[in-house]
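One structure below.
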Amino acid sequence: GVEVGPQPQGVLRADVLDKMRKIIKHGLDFVQLFNEGREFPSCTIEVFKIMEKVDYPRNKNDEIIAIIHPKLQDQDWQPLNNGDPLFLTLDGEVITYEGDCTVYPTFINEAAYYEKKQAFVKTTKMKLTAKHIRSSVL
């Protein structure tokens, strides 16, 4: 499967559809070249590994008491450092990120995750190396 976003549920966006088509085309091009016997050299790629899901701040009745801070909104995959704003309470208090390393939040304030008690997901950036490959069937 391929998920391209973010976009609200039930909304069709031309820019997101275009990105999805490009990803599918690249995937199909790879399969065709691989099947033709093309050798692909080893490579290194940056990926994001999920660390943990982060919930909204809640009161003793399990009610959300803060919203995503405006400086975090729409900043998926951008670095989040110790002291950066995360949430804004309804009283105007800023709740900051307190962590010992830079993280990369994603799925920030996604409507589909409210019921799952997820304000965003913290990820860490890492590099993976893939060995060269070539089809053995020609």
Side-chain angles (χ1 to χ4, degrees):
V2 175
E3 181 177 339
V4 182
Q7 69 178 355
Q9 293 174 314
V11 174
L12 298 174
R13 290 182 43 158
D15 60 332
V16 175
L17 179 61
D18 185 55
K19 287 178 186 177
M20 187 265 315
R21 284 182 172 149
K22 287 178 182 173
I23 288 170
I24 297 298
K25 181 184 179 315
H26 287 302
L28 292 172
D29 289 345
F30 170 81
V31 169
Q32 180 174 347
L33 292 170
F34 181 79
N35 286 341
E36 291 172 355
R38 168 84 57 93
E39 182 171 350
F40 292 87
S42 61
C43 65
T44 301
I45 184 171
E46 281 188 344
V47 298
F48 295 88
K49 181 180 178 183
I50 293 175
M51 296 171 64
E52 68 178 305
K53 297 175 183 177
V54 177
D55 192 7
Y56 293 89
R58 295 177 182 270
N59 64 18
K60 62 183 177 187
N61 296 323
D62 205 34
E63 299 166 325
I64 294 174
I65 60 167
I67 59 175
I68 294 292
H69 193 280
K71 289 186 178 178
L72 181 60
Q73 184 65 52
D74 300 321
Q75 297 302 307
D76 294 78
W77 312 112
Q78 299 305 308
L80 181 67
N81 298 297
N82 189 41
D84 287 348
L86 285 180
F87 299 103
L88 185 61
T89 69
L90 302 178
D91 296 333
E93 177 187 345
V94 175
I95 299 171
T96 60
Y97 170 60
E98 296 177 15
D100 56 0
C101 67
T102 299
V103 296
Y104 299 83
T106 188
F107 304 115
I108 300 170
N109 203 24
E110 294 263 348
Y113 296 115
Y114 271 75
E115 66 188 35
K116 296 177 182 173
K117 296 185 174 185
Q118 179 180 311
F120 62 93
V121 173
K122 287 193 313 188
T123 69
T124 184
K125 191 187 293 191
M126 28 184 328
K127 291 185 179 188
L128 297 178
T129 300
K131 296 179 181 179
H132 77 281
I133 60 169
R134 179 179 11 187
S135 174
S136 61
V137 179
L138 290 177

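Basis for what follows: all heavy atoms, side chains included, without hydrogens, waters or symmetry-related copies. Since the model is a prediction, treat every value here as computed from it, not as a measurement.
In this structure, the side chain of Thr123 engages the main chain of Tyr104 through a donor-acceptor pair within 3.5 Å. Of the possible donor and acceptor atoms, none in the side chain of Asp84 sits under 3.5 Å from a partner among the backbone N and O of Thr96. Side-chain atoms of Asn81 never come within 3.5 Å of backbone atoms of Thr102 as a donor-acceptor pair (strictly under, hydrogens ignored).
The number of heavy atoms from other shown groups lying within 6.0 Å of CG (Leu128) is above 12. Atom CD of Glu52 has more than 12 neighbouring heavy atoms from other residues, nucleotides or ligands inside a 6.0 Å radius. The number of heavy atoms from other shown groups lying within 6.0 Å of CG (Asp100) does not exceed 12. The local environment of CD in Glu39 is crowded, with over 12 non-hydrogen atoms from other residues, nucleotides or ligands closer than 6.0 Å.
The residues Lys19 and Asp15 are annotated as not salt-bridged, no charged nitrogen and carboxylate oxygen being separated by less than 4.0 angstrom.
Remark: Lys122 NZ to Ile50 CD1 distance equals 13.0 Å, nearest 0.5 Å. Between atom CD1 of residue Ile23 and atom CG of residue Asp18 there is a gap of 10.0 Å, rounded to the nearest 0.5 Å. How far CD1 of Ile108 is from NE2 of His69: 13.0 Å, rounded to the nearest 0.5 Å. A distance of 4.5 Å separates NZ in Lys125 from CD in Glu46, rounded to the nearest 0.5 Å. Note that CD of Glu63 and CZ of Arg58 are 9.5 Å apart. Values are rounded to the nearest 0.5 Å. If you take CZ on Arg38 and OG on Ser135, they are separated by 13.0 Å, rounding to the nearest 0.5 Å.
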Checklist line | Worked check of side-chain contact (heavy atoms from CB on, under 4.5 Å) between Phe48 and Met126 | finding: CA-CA 6 Å; Phe48 295 88; Met126 28 184 328; over 6 Å; no
Margin query: Under the criterion side-chain contact (heavy atoms from CB on, under 4.5 Å), I'd like the reasoning laid out for Val121 against Tyr113: C-alpha separation, chi angles, the key distance, then a yes or no.
Written below: CA-CA 10 Å; Val121 173; Tyr113 296 115; over 6 Å; no
Next item on the list: Before giving the answer on side-chain contact (heavy atoms from CB on, under 4.5 Å), spell out for Leu72 and Tyr97 the whole-Å C-alpha distance, their side-chain angles and the decisive distance to 0.1 Å.
Entry: CA-CA 11 Å; Leu72 181 60; Tyr97 170 60; over 6 Å; no
Checklist line | Steps toward salt bridge (Lys or Arg N to Asp or Glu O under 4.0 Å) verdict (Lys117, Asp62) | finding: CA-CA 10 Å; Lys117 296 185 174 185; Asp62 205 34; 2.5 Å; yes
Next item on the list: Show your working on side chain to side chain donor-acceptor pair (under 3.5 Å) between Gln73 and Asn109 and close with a plain yes or no.
Entry: CA-CA 7 Å; Gln73 184 65 52; Asn109 203 24; 3.0 Å; yes
Check: Yes or no on side-chain contact (heavy atoms from CB on, under 4.5 Å) for Leu17 and Leu12, after CA distance, side-chain angles and deciding distance?
Finding: CA-CA 8 Å; Leu17 179 61; Leu12 298 174; over 6 Å; no
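Thr89 has its side chain out of reach of Pro57: every pair of non-hydrogen atoms, C-beta onward, lies at least 4.5 Å apart. When side chains are defined from C-beta on, Ile65 does not count as touching Tyr56, because their heavy atoms never get closer than 4.5 Å. Residues Leu33 and Phe40 meet the side-chain proximity criterion, which asks for heavy atoms closer than 4.5 Å.
Contact between Asn82 and Gly99 at its shortest, heavy atoms only, is OD1-N, 3.2 Å. The heavy-atom pair separating Met51 from Cys101 by the smallest distance is CE-SG, 4.4 Å. Scanning all heavy atoms of the two residues, the minimum distance from Gln78 to Pro105 falls at O-CD, 3.2 Å. When every heavy atom of Asp55 is checked against every heavy atom of Phe87, the shortest pair comes out as O-CZ, 3.6 Å. Closest of all the heavy-atom pairs between Pro85 and Leu80 is O-CD1, 4.3 Å. Across all their heavy atoms, Gln118 and Phe107 have their closest contact at NE2-CB, 4.0 Å.
Linking Ile, Leu, Val, Met, Phe, Trp and Tyr residues whenever their side-chain heavy atoms come within less than 4.5 Å leaves Trp77 and Phe120 in two separate clusters.
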